[in-house]
> 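Dropping a structure here in structure tokens format, bear with me for questions.
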There are 2 protein chains.
Amino acid sequence: MTTTTNQLLLGDCLQKMNEIADSSVDLIYLDPPFFTERKHKLKNRQRTKEFSFDDIWKQESSYAEFLHQRILKMRDLLKDTGSIFVHCDKMANHIVRGVLDDVFGSEYFQSEIIWQYKRWSNAKKGLLPSHQNIYFYSKTHDFTFNKVFMPYSEATNLDQILQRRTRDKHNKSIYARDEQGSIKQADAKQGVPLSDVWDIPYLNPKARERVGYPTQKPLLLLERIIALVTNQNDLVLDPFCGSGTTCVAASLANRNYIGIDQSEDAIELSQTRLDKPVKTQSTLMQKGRKAFEQANIQALQCLANIAYNPVHRNQGIDAILVEHHHGAPVLVKVQKEAETLQQAKQLLRNAMNVKASKMGFLIRTQLAQDEHSAEAKQDTQDQDTASIIYVIETVELSIRRRYA
Amino acid sequence: MTTTTNQLLLGDCLQKMNEIADSSVDLIYLDPPFFTERKHKLKNRQRTKEFSFDDIWKQESSYAEFLHQRILKMRDLLKDTGSIFVHCDKMANHIVRGVLDDVFGSEYFQSEIIWQYKRWSNAKKGLLPSHQNIYFYSKTHDFTFNKVFMPYSEATNLDQILQRRTRDKHNKSIYARDEQGSIKQADAKQGVPLSDVWDIPYLNPKARERVGYPTQKPLLLLERIIALVTNQNDLVLDPFCGSGTTCVAASLANRNYIGIDQSEDAIELSQTRLDKPVKTQSTLMQKGRKAFEQANIQALQCLANIAYNPVHRNQGIDAILVEHHHGAPVLVKVQKEAETLQQAKQLLRNAMNVKASKMGFLIRTQLAQDEHSAEAKQDTQDQDTASIIYVIETVELSIRRRYA
DNA sequence: GAACCCGATGAATCCTCGC
DNA sequence: TGCGAGGATTCATCGGGTT
């Protein structure tokens, strides 16, 4: 049997998976639906002194049964080098784990991935839920895995890490030295293996990427999973594809895909997204939180000795000073490379209107086309609102100016 | 029955807990021993097509039974306002969760806490394990909880947070505006509620706090848990107290404690620690990770487009290139403001000797007193070691030079 | 085969040395 | 004697090799 790839199938995956050849899939990702009705049944149950596992499972059995049947079939579809990633509802992760241990075997459990994100807070008593669990099992020990390396920790003595080590006669670890007694260097290192805790921004409620599916996942999450355990032209299957994120990510990464869903709407939506994929264009999404911190280094350096709160994700403002001025916040904006001074000023002015700010600082970083225009040099006083924008230059710009 | 507090009990907690009065404990923390023998039993088990839940559990049942008996008793010991925190082994978290759901009821599940950390890596194919799970259940809905707030994330729209919000007639959340229609500023906010993902440094192998217990937890972790769900003079119980971290943390926070352990050594050790508690106080602990990042911003900026590993805490080196040269690392140093070129060169040269590096780059950022000296302009070749230092200038410096 | 040993690992602390 | 820079050391966890 040959499998037609790059298609979306409408129906229960239990049936539809029969259209896929055994041992043909490289990665299965699923976020199975979770039926919350069961939960309430538990409420009034009697606690018994004599413990039986059946008690736990009876409550969950219909769900576990549902999942078990399907995951059994999924295992057959996987190549020997294939992997499965199962996204868990927080009320059911023990059930999912139990089923996976049964079908794949606990020795093929690779990782519990924690997808961590910051989120808008709620008023709930307790801790703010800010993670989800993804279980990663491989079919065999010979699974495809593309190693990813991350930077060393800031607290690491990196120069020492690069020294070769050995053990002395007491089996104590020491640095290796050559005949002259100088330290031997280790081979080139690439960094630290990727951790099982992933800090990936939660899909912002207003993101363009969002298509209205409650459990929609960020593309970045799926892209990372796909990059980790598949290669180009491999086949990715999502048996509960929903809004189609997995398929879109696979398609963007030049992998083949098959998506299955019971809902006609889901299939239609997925197809639309596949025809014209939209990925949220935010610095945070693309480069991660670290890059976000560095993106504005220049701006922050200018402010090095002033007490300020950095502001991200706002075109008009890069920082708000801690000190207020006449009871209103003082805003700071750094001119971006692509902005003319005019544009930058207007953005800051808008922001100041919204924030009712009376004082703003605009930090120039770019030479103007017409260096002699009045606008380029003067601070701006807005007649209506009595607010003022001071224009400041970076040191570097003032040097370049003398050459202009 | 009255309970004697601030004591350590030797024995199986199943028996010893009988010495504690029912409904007298405010917090139970436990890190139950985990018997890894199970793992191997699972290995050769046949997967059966007809699915039975008993199959999953039979393997685990002796362990689950062990845990269930004890946790049942623990629930009785808890006050109605009390909570339990259970630390899980990564191979057993589904078992623990199942038992807790059974004893406490899933509606009293409050959080799965992810304790996240950085740690030395290993050769594992796959993701680097860097978290542990802690389950948090309350006995009733009326549990003690002290809200904790953390600083806002870098990606938060801080400017929006500072705007006062209200609801319109359709009960939709909107920004509050004054008579003139401009936005009202909110009062100072406390921050974001504490997340269920905790970044707490792992107990370092060299830490003096370490006492030799393999599963010893950092005091910081227990301190946070205790602060979260207990008040002064409350009673904290650890039925598997091991090295006694829980009791020490409770004692330091002016809570009462009871620790139980089967091992005489553990009890003795715990008592020693209680008499003279040691807590790690380091730069990382005190100033946090951020302190490292900001120390060196300027140097890192100069290296923007080169593949390098940043080096902290070493005067002679700011970075090591990823690529090696003639089998030796290539070192990079950025001249600091207070350093003359001579001094900078010497520091780099020393570092190169120690690291046996053949090639180094020194990035000039300062104009020399005597701009015309030969030393200022020339690269340095060391006759003895055949190593060479290339001197490079920043763009900014070369502009300033033309004015010098 | 199974049990054991051994080397590699990197985070982060302790510790020493020099001024 | 105090302090800071940076060198030294440890540990749990893998894989792989060897009894």
Side-chain angles (χ1 to χ4, degrees), chain A residues 107 110-111 141-142 145 147 149-177 181-196, chain B residues 34 36-37 39-41 43-44 89-91 116-132 199-220 278-289 291-292 295-296 309-318 320 331 336 339 343 347-348 350-351 353-355:
Chain A
E107 63 168 321
Q110 297 297 340
S111 290
H141 287 304
D142 181 33
F145 191 86
K147 283 198 170 179
F149 294 96
M150 304 299 277
Y152 292 95
S153 160
E154 304 81 5
T156 298
N157 294 338
L158 187 63
D159 51 326
Q160 291 185 277
I161 290 288
L162 293 177
Q163 293 168 194
R164 179 159 292 151
R165 276 178 295 179
T166 182
R167 287 181 188 277
D168 68 6
K169 52 189 172 233
H170 307 299
N171 202 33
K172 203 179 70 169
S173 176
I174 54 169
Y175 290 127
R177 293 172 186 275
S182 48
I183 282 173
K184 286 200 269 189
Q185 292 300 308
D187 304 325
K189 305 211 180 183
Q190 313 168 74
V192 186
L194 183 63
S195 146
D196 58 4
Chain B
F34 178 71
T36 39
E37 304 83 64
K39 206 171 135 190
H40 304 294
K41 286 193 206 145
K43 216 181 261 186
N44 300 322
D89 183 279
K90 73 161 182 267
M91 295 311 286
Q116 183 212 346
Y117 45 78
K118 294 184 182 243
R119 212 176 47 164
W120 58 91
S121 62
N122 57 35
K124 185 178 191 292
K125 177 180 176 182
L127 301 166
L128 186 64
S130 0
H131 76 272
Q132 291 177 32
D199 188 354
I200 292 180
Y202 194 84
L203 203 52
N204 191 272
K206 288 294 291 181
R208 211 181 312 157
E209 188 178 321
R210 242 177 211 276
V211 294
Y213 242 76
T215 60
Q216 188 186 346
K217 304 295 178 302
L219 266 174
L220 203 56
V278 175
K279 185 177 166 184
T280 299
Q281 298 290 350
S282 66
T283 318
L284 180 65
M285 293 291 207
Q286 283 166 352
K287 297 187 186 171
R289 230 162 261 286
F292 285 91
N296 223 348
N309 290 310
V311 174
H312 303 267
R313 314 190 333 149
N314 186 318
Q315 261 204 322
I317 322 172
D318 289 304
I320 297 176
L331 309 187
K336 305 298 181 301
E339 291 167 355
Q343 290 167 335
L347 286 167
L348 176 55
N350 293 346
N353 279 337
V354 175
K355 309 291 170 205

> Would you work out how much the helix from dA2(C)-dT19(D) to dC19(C)-dG2(D) bends between its ends, with each end axis defined by five base pairs, to 10 degrees?
50°
> For Asn314(B) and dG4(D), give me the distance from atom CG to atom P, rounded to whole Å.
17 Å
> For Leu194(A), enumerate each residue passing the side chain to side chain contact (heavy atoms under 4.5 Å, CB included) test, keeping only those at least two apart in sequence or located in another chain.
Val148(A), Met150(A), Trp198(A), Arg224(A), Leu228(A), Leu127(B)
> Please check the phosphate of dC14(C) (OP1 and OP2 only) for any side-chain N or O of Arg208(B) closer than 4.0 Å.
yes
> Among residues at least two apart in sequence or on other chains, which ones pass side chain to side chain contact (heavy atoms under 4.5 Å, CB included) with Lys147(A)?
Phe145(A), Phe149(A)
> Do Gln216(B) and Glu209(B) pass the side-chain contact (heavy atoms from CB on, under 4.5 Å) test, and can you show the C-alpha distance, the side-chain angles, and the key distance before you say yes or no?
CA-CA 9 Å; Gln216(B) 188 186 346; Glu209(B) 188 178 321; 4.2 Å; yes
> Go through the N and O atoms of the side chain of Arg164(A) and the base of dG7(C), and report whether any donor-acceptor pair is under 3.5 Å.
no
> Given atom CG of Leu348(B) and atom C1' of dA5(D), what is their separation to the nearest angstrom?
17 Å
> Please report, rounded to the nearest Å, how far the P atom of dG10(C) is from the OH atom of Tyr175(A).
13 Å
> Taking only residues two or more places apart in sequence, or in another chain, which ones meet Gln132(B) in a side-chain hydrogen bond (donor to acceptor under 3.5 Å, both in side chains)?
His87(B), Tyr117(B)
> In terms of side-chain heavy atoms of Asn204(B), which of dA12(D), dG10(C), dA11(C) is nearest?
dA11(C)
> Could you tell me which residues satisfy side chain to side chain contact (heavy atoms under 4.5 Å, CB included) with Asn122(B), sequence neighbours excluded, listed by chain and number?
Lys124(B), Leu128(B)
> side-chain hydrogen bond (donor to acceptor under 3.5 Å, both in side chains) with Ser121(B): which residues, sequence neighbours excluded?
none
> Find the distance Glu209(B):CD to dA12(C):P and express it as a whole number of Å.
14 Å
> Name the residue closer to the 5' end of DNA chain D, choosing between Ile174(A) and Leu347(B) according to the nucleotide with the nearest heavy atom.
Leu347(B)
> On the side chain of Arg165(A), is there an atom forming a donor-acceptor pair with the base of dT9(D) - under 3.5 Å, no angle test?
no
> Starting at atom CD of Gln216(B), determine the distance to atom C1' of dT13(C), rounded to an integer number of angstrom.
14 Å
> Counting distance only, does the side-chain N/O of Arg210(B) pair as donor-acceptor with the main-chain N or O of Asn204(B) below 3.5 Å?
yes
> How long is the straight-line distance from CD of Gln110(A) back to NZ of Lys125(B), given to the nearest 0.5 Å?
8.0 Å
> Write down the distance between CG (Asn353(B)) and C1' (dG6(D)), rounded to a whole number of angstrom.
16 Å
> Output the distance between atom CG (Asp89(B)) and atom OG1 (Thr215(B)), rounded to the nearest 0.5 Å.
10.0 Å
> Please compare Lys206(B) and Thr166(A) by the position of their nearest nucleotide in DNA chain C and report the one closer to 5'.
Thr166(A)
> Residues in ring pair (Phe, Tyr, Trp, His ring centres under 6.0 Å) with Tyr213(B), at least two apart?
none
> Quick one: is dT9(C) close enough that its OP1 or OP2 comes under 4.0 Å of any side-chain N or O from Ser121(B)?
no
> Separation of Asn350(B) atom CG from dG6(D) atom C1', in whole Å?
12 Å
> Please give, in whole Å, the distance from dA11(C) P to Phe149(A) CZ?
13 Å
> Between protein and nucleotides 14-16 of chain D, what N or O pairs are separated by less than 3.5 Å?
none

